[in-house]
**Student:** 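Sharing a structure, written as structure tokens. Questions coming.
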Amino acid sequence: VYIEGGSTTSSSFLAQHSIDILQLHIAPLIFGSGLDSFTLPKITSVDEAVQFDRFYFKPIGDTFMFVGEMNHG
């Protein structure tokens, strides 16, 4: 199932460990003060961070796509 959404949708699926592969598009643009990509709870140590088993960057025109396989450990 392919899910595309804003920060609330993406964060909800991440928090429920319902995502196997995460794709993020990185472009040479700055949107003012920024837009939230995720709205996740604060963490107190690095080992609580979202982690990936494997990942790669794929060039797409003048942008890149990050593709990461989730680590649900």
Side-chain angles (χ1 to χ4, degrees):
V1 175
Y2 179 81
I3 300 164
E4 184 175 347
S7 65
T8 302
T9 301
S10 300
S11 298
S12 175
F13 280 92
L14 269 175
Q16 295 176 37
H17 302 284
S18 299
I19 294 176
D20 294 320
I21 298 173
L22 181 69
Q23 295 179 341
L24 301 172
H25 295 268
I26 303 166
L29 302 168
I30 298 176
F31 298 124
S33 62
L35 302 171
D36 289 337
S37 296
F38 301 99
T39 53
L40 298 169
K42 293 182 188 235
I43 62 172
T44 57
S45 66
V46 173
D47 61 337
E48 297 176 81
V50 174
Q51 298 181 34
F52 300 90
D53 287 329
R54 287 181 288 281
F55 64 88
Y56 64 90
F57 292 90
K58 178 180 179 179
I60 301 176
D62 64 347
T63 68
F64 285 92
M65 179 172 60
F66 167 86
V67 180
E69 295 179 23
M70 302 301 300
N71 176 330
H72 295 297

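Numbers for residues simply follow the sequence, beginning at 1. No hydrogens, no waters, no symmetry mates; every other heavy atom, side chains included, goes into these values.
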**Student:** Any salt bridge (Lys or Arg N to Asp or Glu O under 4.0 Å) pairs touching residues 30-51, not counting sequence neighbours?
**Tutor:** none

**Student:** Could you work out the complete set of other residues in the hydrophobic cluster of I21, with links drawn between I, L, V, M, F, W and Y side chains under 4.5 Å apart?
**Tutor:**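 When side chains under 4.5 Å apart are linked, the cluster holding I21 also contains Y56, I60, M65, V67.
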
**Student:** Please list, chain by chain and in numerical order, all residues satisfying side-chain hydrogen bond (donor to acceptor under 3.5 Å, both in side chains) with Q16, sequence neighbours excluded.
**Tutor:** S12

**Student:** Please list, chain by chain and in numerical order, all residues satisfying ring-ring contact (aromatic ring centres under 6.0 Å, His included) with F57, sequence neighbours excluded.
**Tutor:** F66

**Student:** Share the residues that join V46 in a hydrophobic cluster, the rule being Ile, Leu, Val, Met, Phe, Trp or Tyr side chains under 4.5 Å apart at the heavy-atom level.
**Tutor:** none

**Student:** Does any pair with a residue in residues 22-35 pass side chain to side chain donor-acceptor pair (under 3.5 Å), and if so which ones, sequence neighbours excluded?
**Tutor:**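 Every candidate side chain to side chain donor-acceptor pair (under 3.5 Å) pair involving residues 22-35 fails, so no pair, neighbours aside, qualifies.
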
**Student:** Please collect all salt bridge (Lys or Arg N to Asp or Glu O under 4.0 Å) contacts where either partner lies in residues 17-26, sequence neighbours excluded, each pair once.
**Tutor:** none

**Student:** With sequence neighbours excluded, what pairs up with H72 under the side-chain hydrogen bond (donor to acceptor under 3.5 Å, both in side chains) test?
**Tutor:**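 Expected list: H17.
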
**Student:** Mind checking the OG-CG spacing from S10 to L40? Nearest 0.5 Å is all I need.
**Tutor:** 9.5 Å

**Student:** side-chain hydrogen bond (donor to acceptor under 3.5 Å, both in side chains) with T9: which residues, sequence neighbours excluded?
**Tutor:**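 In terms of side-chain hydrogen bond (donor to acceptor under 3.5 Å, both in side chains), with neighbours along the sequence ignored, T9 is linked to no residue.
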
**Student:** Are the side chains of V50 and L22 in touch, meaning some heavy atoms are under 4.5 Å apart?
**Tutor:** no

**Student:** With sequence neighbours left out, which residue pairs that include part of residues 63-73 fulfil the salt bridge (Lys or Arg N to Asp or Glu O under 4.0 Å) condition?
**Tutor:** R54-E69

**Student:** Consider only side-chain heavy atoms of I, L, V, M, F, W and Y, link residues closer than 4.5 Å, and tell whether F52 and I43 are in one cluster.
**Tutor:** no

**Student:** Please collect all salt bridge (Lys or Arg N to Asp or Glu O under 4.0 Å) contacts where either partner lies in residues 21-33, sequence neighbours excluded, each pair once.
**Tutor:**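 Listed once each, the pairs would be none.
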
**Student:** To the nearest 0.5 Å, what is the distance between CZ (F38) and CG (L24)?
**Tutor:** 5.0 Å

**Student:** Not counting sequence neighbours, which residues clear ring-ring contact (aromatic ring centres under 6.0 Å, His included) with F64? List them please.
**Tutor:** none

**Student:** Would you give the length of the straight line joining atom CG of L29 to atom OG1 of T63, rounded to the nearest 0.5 angstrom?
**Tutor:** 9.0 Å

